[in-house]
Chemist: 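Please see the structure below; I have some questions.
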2 protein chains.
Amino acid sequence: MSDAEVAEDVPQDFDALKAAILERKASLPKRLKQVAAYALDHPDEIAFGTAASIAASAEVQPSTLVRFAQHFGFEGFSSLQQIFRARLRERAPAYEDRLKSLGDNDHSRLESGAILNGFVAAAHRSLDNVATSVDPEKFEAAADLLARAETIYLIARRRSYPLSSYMAYAFGKLKIRCQTVGTAAGIDEDLLSMASPRDAAFAVSFSPYATETVHQARLLATRGVPVVSLTDSAFSPLSESARFWFEIVEADHAGFRSLSASMAFAMALTVAVAERRRRLASQHME
Amino acid sequence: MSDAEVAEDVPQDFDALKAAILERKASLPKRLKQVAAYALDHPDEIAFGTAASIAASAEVQPSTLVRFAQHFGFEGFSSLQQIFRARLRERAPAYEDRLKSLGDNDHSRLESGAILNGFVAAAHRSLDNVATSVDPEKFEAAADLLARAETIYLIARRRSYPLSSYMAYAFGKLKIRCQTVGTAAGIDEDLLSMASPRDAAFAVSFSPYATETVHQARLLATRGVPVVSLTDSAFSPLSESARFWFEIVEADHAGFRSLSASMAFAMALTVAVAERRRRLASQHME
DNA sequence: CAAATAATCGAACAAACATTCCATATTGAC
DNA sequence: GTCAATATGGAATGTTTGTTCGATTATTTG
């Protein structure tokens with residue numbers, strides 16, 4: 001056999017390339033795997049950058065990029081880059097009328113796809129709602145209140161529980177003391193008995209309201225513990241006990257509501273509290 | 001007046017540049033008008049091509065391109081080209097507009113308001129991503145797989161845990177048997193040992209990947225239990241074990257990611273499974 | 001119609017580019 | 001542990017790049 005290369009199956013579009021990378025990633029040497037991960041995670045950078053700039057970002061040598069391209073059958077880095085550019089070329093016009101395309105894209109042909117589309121659209125609507133319905137001054141004040149707490153008690157159950165568990169995770173990462181209430185049955189009362197007015201609570205409940213959440217929020221409020229709450233209705237019994245309360249109505253799809261907008265709100269509140277607390281700490285030091 | 005150039009209003013984004021070109025188009029010399037027309041008609045070419053290749057396509061000299069750029073206040077052709085590249089780079093132009101209108105509402109005056117706006121915008125972008133990146137056929141197939149399971153095992157930890165806890169809540173309401181894994185330490189192994197190929201698992205893990213989740217997904221896969229997984233990178237070790245896997249990249253605000261898009265996806269999958277199961281049941285009865 | 005001004009061309013240039021090559025380091029087989 | 005094979009880093013290389021600049025052509029002005 002001659003040295004002449006028989007036309008290998010060089011990936012001709014981005015999807016084929018992505019598939020090829022994923023297929024061979026396990027058997028790739030260290031640096032090439034590094035490039036592979038970078039390429040799939042930052043495709044735009046590959047499309048626009050120069051070999052030198054991309055190499056610096058991916059923390060490899062430029063020559064490694066060339067080797068990577070050759071590993072996948074390309075002549076050099078430049079020809080691989082064409083794939084990434086073509087991807088951007090083809091995808092760009094889709095943004096022009098994206099909302100239109102959402103209506104008649106592949107998804108709607110399949111029942112499950114229509115369901116996914118429905119929830120995505122509902123989440124969009126819910127998010128728009130958040131931006132307009134949340135009073136920024138109240139938000140600021142709530143963040144300030146929670147930031148001054150020694151321990152933040154997170155009260156939530158059932159449908160609201162994912163929110164509090166995510167906030168607990170984030171608060172933990174941000175080194176802010178918090179305590180979730182509502183997980184294991186029985187010990188809630190003991191936990192809450194430790195709460196003092198120097199602490200604070202964040203209670204979440206959507207209708208139908210979990211009676212324990214309402215009860216516990218009321219209990220804390222009477223004991224002088226400031227409560228911030230999140231509900232989906234101004235008539236929620238939670239609003240009685242709360243110093244500040246927010247109303248977020250999630251749009252529904254076919255009667256089911258996701259937590260997309262509430263999640264964005266919860267995360268924003270969490271970060272706002274952390275930011276506020278950082279500022280309070282620096283003021284104390286001066 | 002000195003020769004020193006006072007900072008002209010050099011267009012900083014594509015829309016501004018487009019407006020400037022259209023405004024001055026009439027008073028442009030012949031060749032420069034030629035370039036202007038080509039630039040607006042083939043913006044992608046300008047973004048990706050070299051000065052030489054573009055000049056050839058537009059039937060002008062490369063130096064004309066430089067002069068064109070300088071006429072509009074740019075230092076050279078390269079800096080003008082950046083505008084055309086940025087246009088393709090920007091992920092969510094549709095929401096840029098929406099944000100611009102949000103940008104000068106009450107929220108932005110306050111720091112916490114800006115944080116909330118940021119997370120809402122990030123969630124919008126993430127949702128767009130979901131709609132385009134999830135393959136509807138794969139989604140349908142995954143829903144079908146999970147619908148046929150006797151028990152659905154939900155594997156998630158840390159940042160992913162809120163997703164599985166919400167799905168568990170929803171599955172419970174929909175009377176679909178499921179079992180969350182990863183809550184209490186110790187009993188996970190016992191729970192998973194009961195899983196059979198007639199069951200199925202849904203595993204979620206975002207980087208940094210929890211090793212237990214990866215391990216447990218792999219364990220189930222080797223035992224013949226079909227696994228569907230959700231990750232934020234094609235490089236996730238979870239994708240190896242999964243029959244079907246989905247990649248959802250949450251846009252971040254200031255380095256923090258919310259779960260808005262993943263929540264919408266999780267809810268859509270949950271409802272799709274329920275819908276699928278309802279249909280399977282009615283077929284059996286016929 | 002002639003002079004003056006502006007626009008264009010195309011060659012020349014230095015900087016940046018992708019690529020190659022080879023010495024060194026790492027990995028895997030025995 | 002030793003050796004062979006592969007992978008890597010980094011400098012050298014020849015090419016291509018964007019840009020500049022003087023000569024040439026077109027356009028305007030008196």
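Quick note on labels: first sequence line is chain A, next is B, and so on, each numbered from 1.
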Chemist: Are more than 12 heavy atoms from other residues, nucleotides or ligands located less than 6.0 Å from atom CZ of B:Arg198?
Modeler: no
Chemist: Minimum heavy-atom separation for B:Pro197 to B:Arg223, with atom names?
Modeler: CG-O, 3.8 Å
Chemist: Just the endpoints, please: which first and last nucleotides of DNA chain D, 5' to 3', lie under 4.0 Å from a heavy atom of chain A?
Modeler: D:dA7 to D:dG10
Chemist: Any side-chain heavy atom of B:Asp128 within less than 4.5 Å of one from A:His124?
Modeler: yes
Chemist: I'd like to check the salt bridge (Lys or Arg N to Asp or Glu O under 4.0 Å) partners of B:Arg218; sequence neighbours left out, ordered by chain and number.
Modeler: B:Glu240
Chemist: Please determine if A:Arg24 forms a cation-pi arrangement with A:Phe72, meaning its NZ or CZ atom is less than 6.0 Å from the six-membered ring centre and no more than 45° off the ring axis.
Modeler: yes
Chemist: Whole Å only: how far is the CD atom of B:Gln34 from the C1' atom of C:dA7?
Modeler: 13 Å
Chemist: Please confirm whether A:Phe77 and A:Phe68 have ring centers closer than 6.0 angstrom.
Modeler: no
Chemist: Think B:Arg67 has a side-chain N or O under 4.0 angstrom from the OP1 or OP2 of C:dT8?
Modeler: yes
Chemist: B:His42: what forms a ring pair (Phe, Tyr, Trp, His ring centres under 6.0 Å) with it, not counting sequence neighbours?
Modeler: B:Tyr38
Chemist: Quick one: B:Leu28 CG to C:dT8 C1', roughly how many Å, whole number?
Modeler: 14 Å
Chemist: Could you list the protein-to-nucleotides 25-30 of chain C atom pairs, N/O on both sides, closer than 3.5 Å?
Modeler:
none

Chemist: Which residue pairs satisfy the salt bridge (charged side-chain N to carboxylate O under 4.0 Å, His left out) criterion with at least one member in residues 60-71 of chain B, sequence neighbours excluded?
Modeler: none
Chemist: Hey, are A:Lys18 and B:Glu247 close enough for a salt bridge, meaning a charged N less than 4.0 Å from a carboxylate O?
Modeler: yes
Chemist: Give a yes/no answer on whether the side chain of B:Gln61 brings an N or O atom under 4.0 Å of OP1 or OP2 in C:dG10.
Modeler: yes
Chemist: At under 4.0 Å between heavy atoms, which parts of nucleotides 14-20 of chain C does protein reach? Answer with one letter per nucleotide, 5' to 3': B base, S sugar-phosphate only, - none.
Modeler: ---SSBB
Chemist: With the threshold set at 4.0 Å, does a side-chain nitrogen-carboxylate oxygen contact exist between B:Arg148 and B:Asp199?
Modeler: no
